[in-house]
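Take a look at the structure set out below.
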Amino acid sequence: MKNKVPVRVVRDLDNAIRKVAEIFDTEAVVVVGSQAVLMRWGNKAPDAMRTSGEIDMYPANRKLWEEAERRKNEADSIYTEASEYLHHIAGEGSAFDKIHGFYVDGVDETTSPLPLGWQERALYREVPLESGRVVTAVSPAIEDTLAAKMIRLREKDVEFVQASYAFQPFDIDEMKKRMETIQPHASYTQEYLDACRAKAFAFLASLEKKVARNPIADLEKQLARIVPDYPRDTHCAFYNLADNSVTIRKWDPDMGIFYRIDNPLGPAMVAKGFQHFVLDGKKVTKEAHDEQLAAGPDPDAPAQTPPPWRMTR
């Protein structure tokens with residue numbers, strides 16, 4: 001048995017992602033909680049933000065997996081929730097825990113009180129599996145993770161936010177606005193959220209005023225010039241720091257994230273030196289893309305569903 005390692009590293013994140021992908025045979029894994037910081041800053045993140053014996057995540061196909069479990073069991077039997085099954089296989093005290101020195105905490109999309117529309121600001125990471133296929137890891141942006149932390153504001157959350165603010169100061173007023181978009185759900189009632197926000201705003205007022213630093217702001221402005229047109233009700237553009245590119249992804253209502261690379265209006269992946277045309281995750285030539293665009297939408301294709309927060313706009 002390995003000794004417990006108090007500081008998580010990107011290698012731990014990737015091992016956990018691979019394990020969840022293997023257990024649930026999923027193409028995408030959602031990482032939430034404190035260790036989502038590894039998706040943004042990797043091993044450069046302050047140790048105080050990476051001191052955890054667990055990584056919170058869930059398979060993006062959670063609902064589909066649980067529905068399949070219901071169908072497999074008798075109507076009156078108790079089916080296994082994905083979070084429970086994940087805890088059994090890779091949770092605290094599991095063989096995975098003993099081998100790797102940390103465990104995977106099975107959660108779901110209601111666990112973290114994230115700001116509305118966090119999926120539009122999400123971070124993506126491609127993790128190769130031994131089988132040769134690739135699993136996509138998705139996490140909230142660091143600012144959304146911080147907002148969720150401040151709703152709870154336990155002692156360890158205070159330390160997490162303080163370490164983040166010292167490492168890369170954020171705009172306090174913008175953070176307040178972000179927290180105000182957090183909606184009631186599960187055990188987070190409106191009354192509870194209001195009380196949490198009041199406590200969090202008092203905490204933010206205690207922080208020393210610093211100029212907010214966003215090292216990728218200029219990069220985003222540059223990339224914004226090359227973002228192609230895309231159907232904004234159902235798709236979203238994401239900046240990829242690894243190769244300074246932009247990727248257009250389509251909203252997946254089953255997964256609850258923007259997932260499949262796709263852009264029916266033009267290139268789906270662009271950078272200064274390249275552009276790729278992709279339809280529903282499959283690369284095509286520009287000629288094939290233009291031909292399909294000219295032919296119009298497939299009348300037999302299922303209607304695309306926009307994200308729920310866009311339906312009321």
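To the nearest 0.5 angstrom, S245 atom OG is 11.5 Å from Y239 atom OH. N61 CG to M255 CE: the interatomic distance, rounded to the nearest 0.5 Å, is 6.0 Å. One finds the OG1 atom of T247 at 13.5 Å from the CZ atom of F258 (value rounded to the nearest 0.5 Å). M57 CE to S83 OG: the interatomic distance, rounded to the nearest 0.5 Å, is 14.0 Å. Here L123 contributes atom CG and L38 contributes atom CG; the two are 11.5 Å apart, rounded to the nearest 0.5 Å. Going from atom OH of Y103 over to atom NZ of K98 covers 14.5 Å, rounded to the nearest 0.5 Å.
A salt bridge is absent between R121 and E143; no separation between the charged side-chain nitrogens and carboxylate oxygens falls under 4.0 Å. In summary, R11 and D14 do not engage in a salt bridge, as defined by a charged side-chain N under 4.0 Å from a carboxylate O. The residues K176 and E180 are annotated as not salt-bridged, no charged nitrogen and carboxylate oxygen being separated by less than 4.0 angstrom. Here K177 does not pair with D173 in a salt bridge; the nearest charged N to carboxylate O distance is not below 4.0 Å. The pair E22-K19 meets the salt-bridge criterion, since a charged nitrogen lies less than 4.0 angstrom from a carboxylate oxygen. Ion pairing of R178 with D144 is present here, as a side-chain N (NZ or NE/NH1/NH2) and a carboxylate O approach within less than 4.0 Å.
At distances below 3.5 Å, at least one donor-acceptor pair connects side-chain atoms of D157 with backbone N or O atoms of R154. When atom types are taken as modelled, the side chain of R249 and the backbone of Y259 share a donor-acceptor pair closer than 3.5 angstrom. Between the side chain of E66 and the main chain of A82, a donor-acceptor pair closer than 3.5 Å is present. Between the side chain of H185 and the backbone N or O of T110, at least one donor-acceptor pair lies under 3.5 Å.
Remark: of the listed residues V107, L86, D105, V107 is the sole one forming a side-chain contact (heavy atoms from CB on, under 4.5 Å) with Y58.
Aromatic ring centres of F170 and Y165: separated by under 6.0 Å.
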Begin with the C-alpha distance, continue with both residues' side-chain angles, and end with the deciding distance and a verdict on side chain to side chain contact (heavy atoms under 4.5 Å, CB included) for W41 and Q168. CA-CA 10 Å; W41 292 328; Q168 184 174 298; 3.8 Å; yes

Assess the residue pair K209 and I172 against the criterion (side chain to side chain contact (heavy atoms under 4.5 Å, CB included)); give the C-alpha distance rounded to whole Å, side-chain angles, the decisive distance to 0.1 Å, and a yes or no. CA-CA 8 Å; K209 292 288 185 179; I172 292 177; 4.1 Å; yes

Stepwise, does the side chain to side chain contact (heavy atoms under 4.5 Å, CB included) test hold for E120 with W251? CA-CA 10 Å; E120 295 179 337; W251 174 252; over 6 Å; no

With side chain to side chain contact (heavy atoms under 4.5 Å, CB included) as the criterion, how do R62 and T26 come out once you've worked through the C-alpha distance, each side chain's angles and the decisive distance to 0.1 Å? CA-CA 9 Å; R62 179 188 72 82; T26 182; over 6 Å; no

Between K156 and E159, is a salt bridge (Lys or Arg N to Asp or Glu O under 4.0 Å) present by the stated rule, with each step listed? CA-CA 5 Å; K156 64 179 183 179; E159 294 173 354; over 6 Å; no

What verdict does the salt bridge (Lys or Arg N to Asp or Glu O under 4.0 Å) test give for E67 and R70, after you've listed the backbone C-alpha separation in whole Å, the side-chain angles of each residue and the deciding distance to 0.1 Å? CA-CA 5 Å; E67 180 60 32; R70 292 189 189 95; 2.9 Å; yes

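For Q292, the CD atom is loosely surrounded, since the number of other residues' heavy atoms within 6.0 Å does not exceed 12. The environment of K283 atom NZ is sparse: at most 12 non-hydrogen atoms of other residues, nucleotides or ligands sit within 6.0 angstrom. Shown here is E126, whose CD atom has more than 12 heavy atoms of other residues, nucleotides or ligands within 6.0 Å. Summarising the local packing, CD of Q190 is surrounded by more than 12 heavy atoms from other residues, nucleotides or ligands at distances under 6.0 Å.
In summary, the side chains of Q183 and W309 do not present any donor paired with an acceptor at a separation below 3.5 Å, with no hydrogens or angles considered.
A212 meets the side-chain contact (heavy atoms from CB on, under 4.5 Å) test with D171; sequence neighbours excluded.
Between L265 and H289 the shortest heavy-atom distance is C-CE1, 4.0 Å. Contact record, V246 with N240: C-ND2, 4.0 Å, taken as the closest heavy-atom pair. Closest heavy-atom contact between A200 and M179: CB-CE, 3.3 Å. Minimum interatomic distance between I182 and P113 (heavy atoms only, all atoms of both residues): CD1-O, 3.1 Å. Nearest approach of S187 to Y192, heavy atoms of both residues: O-CD2, 4.4 Å. Between T145 and A36 the shortest heavy-atom distance is OG1-CB, 4.0 Å.
By the rule that hydrophobic residues join a cluster once side-chain heavy atoms approach within less than 4.5 Å of another member, V9 and M49 end up as members of separate clusters. L64 and I257 sit in two unconnected hydrophobic clusters of ILVMFWY residues. Membership requires side-chain heavy atoms under 4.5 Å apart, directly or through other members. In the hydrophobic cluster analysis, where Ile, Leu, Val, Met, Phe, Trp and Tyr join through side-chain heavy atoms closer than 4.5 angstrom, I248 is grouped apart from F274. A single hydrophobic cluster is seen to contain both V30 and L116, as judged by linkage of ILVMFWY side chains at heavy-atom distances under 4.5 Å, directly or through other members. Criterion: ILVMFWY side-chain heavy atoms under 4.5 Å apart, direct or through other members. Under it, I151 and L146 are part of a common hydrophobic cluster.
At least one side-chain heavy atom of V37 sits under 4.5 Å from a side-chain heavy atom of I142. In this structure, the side chains of E81 and D108 stay at 4.5 Å or more apart for every pair of heavy atoms. Annotation: side chain of D280 is in contact with side chain of K250 (closest heavy-atom distance under 4.5 Å). Side-chain contact between R260 and D252 is absent, with no heavy-atom pair separated by less than 4.5 Å. Side-chain contact between T111 and D56 is absent, with no heavy-atom pair separated by less than 4.5 Å. Side-chain contact between F203 and K199: absent, with no pair of heavy atoms (C-beta onward) separated by less than 4.5 Å. The side-chain heavy atoms of N263 and P231, taken from C-beta on, include a pair separated by under 4.5 Å. The closest side-chain heavy-atom distance from L13 to Q35 is not below 4.5 Å.
The side chain to side chain donor-acceptor pair (under 3.5 Å) analysis of residues 229-238, with sequence neighbours excluded, yields the pairs Y230-R232, T234-Q304, H235-D262.
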